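Contents: one structure, followed by commentary.
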Amino acid sequence: MYRSVSIQSADFDVTEQCSLLRSQSSQIGALAMFVGTVRDLNQQQTVNTLELEHYPGMTEKTLLNIIEQAEQRWSLLATSVIHRIGRLQVSDQIVFVGVASMHRGDAFAACEFIMDFLKTRAPFWKKEHGEQGGQWLDARESDYDAIKRW
Amino acid sequence: MKVLFFASLREKLNCAELEVLCPEHGLTVDELRHRLALERGENWRAALFQDNIICAVNLDVVQLDHPLREGDEVAFYPPVTGG
């Protein structure tokens with residue numbers, strides 16, 4: 001079972017990540033992926049840059065744990081999660097989740113599951129920097145509602 | 001024990017990391033919070049006792065009654081906002 005978790009400031013290439021996942025097994029028939037990007041408006045302020053902080057050690061552990069939970073629920077062949085940290089600009093890529101399986105049902109479901117739990121468990125924090133200074137983002141109620149369906 | 005603070009909590013406390021001696025009889029996460037508030041004043045009390053503060057010990061989320069031991073790494077942080 002291929003599992004990859006990377007916390008990095010560098011940007012990632014989606015095509016490269018998908019190729020990497022596909023190369024893990026000839027049984028792969030489906031690849032589902034998600035990319036999260038920086039939006040330009042949140043909490044009534046024009047966002048210029050987004051700062052991402054994390055808890056080194058716990059982020060990796062938490063993400064691996066979430067992947068393991070996904071593997072127990074669905075038949076997965078390869079999974080990759082990349083989350084960036086540091087200063088990002090509007091429209092920059094923040095997070096990549098890629099899941100490969102034999103069939104699409106497992107890949108789609110596991111990809112969404114991983115994102116839902118990443119949003120509510122992984123110790124990252126976003127701080128928006130705009131004209132009015134810096135402001136930490138609040139967690140969203142809807143993210144906690146999303147995990148209930150699993 | 002190493003005690004870490006992250007994000008807005010770190011800013012409110014103006015402290016990223018502390019070293020705390022664990023008493024021989026041990027103490028719970030909640031008792032640690034009380035001790036820090038007692039030692040460091042109202043600003044710490046207000047920040048640490050917000051009802052959405054999360055605690056992790058040795059990289060796993062725990063409840064307030066979790067018993068701490070010397071050598072543990074404790075972290076307090078606000079609700080996460082990654083992804």
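So that the names make sense, note that chain A is the first sequence line, chain B the second, and so on, each numbered from 1. Just so you know, these numbers come straight off a predicted model, no measurement behind them.
Counting heavy atoms from C-beta outward, Trp125(A) and Ser8(B) have side chains that stay 4.5 Å or more apart. Between Glu73(B) and Met58(A), every side-chain heavy-atom pair lies at or beyond the 4.5 Å cut-off.
Interface check for chain B: of the options Met115(A), Glu53(A), His83(A), the most heavy-atom pairs under 4.5 Å are formed by Glu53(A).
Shown here are the side-chain hydrogen bond (donor to acceptor under 3.5 Å, both in side chains) partners of Asp60(B), two or more places apart in sequence or in another chain: Lys61(A).
One hydrophobic cluster, built from ILVMFWY side chains closer than 4.5 Å, holds both Ile53(B) and Leu27(B). Hydrophobic clustering (side-chain heavy atoms under 4.5 Å, transitive across Ile, Leu, Val, Met, Phe, Trp, Tyr) groups Leu32(B) together with Val62(B). Hydrophobic clustering (ILVMFWY, side-chain heavy atoms < 4.5 Å, transitive): Val3(B) and Val57(B) are in one cluster. In this structure, Tyr2(A) is a member of the same hydrophobic cluster as Phe12(A), with clusters built from ILVMFWY side-chain heavy atoms closer than 4.5 Å. Put simply, Phe117(A) and Ile114(A) are part of the same group of oily side chains (I, L, V, M, F, W, Y) that touch within less than 4.5 Å, one to the next.
When all heavy atoms of Trp136(A) and Arg10(B) are compared, the pair lying nearest together is CZ2-NH2, 4.0 Å. Across every non-hydrogen atom of Val80(B) and Ala139(A), the tightest pair is O-CB, 3.8 Å.
Applying the 6.0 Å contact sphere to CZ of Arg69(B) captures no more than 12 heavy atoms from other residues, nucleotides or ligands.
Leu4(B) touches chain A through its side chain: at least one heavy atom from C-beta onward sits under 4.5 Å away, while N, CA, C and O do not. Interface residue Thr120(A): only backbone heavy atoms are found under 4.5 Å from chain B. The parts of Lys126(A) that come within reach of chain B are both its backbone and its side chain, each placing non-hydrogen atoms under 4.5 angstrom from that chain. Only the backbone of Arg121(A) has a heavy atom closer than 4.5 Å to any heavy atom of chain B. For Tyr144(A), the part lying under 4.5 angstrom from a heavy atom of chain B is the side chain only.
For the atom pair OH (Tyr55(A)) and CD1 (Ile54(B)), the distance works out to 12.5 Å, reported to the nearest 0.5 Å. In this structure, CG in Asn52(B) is found 9.0 Å from CG in Asp138(A), a value given to the nearest 0.5 Å.
For residues 74-83 of chain B, the set of pairs meeting the side chain to side chain donor-acceptor pair (under 3.5 Å) definition, not counting sequence neighbours, is empty.
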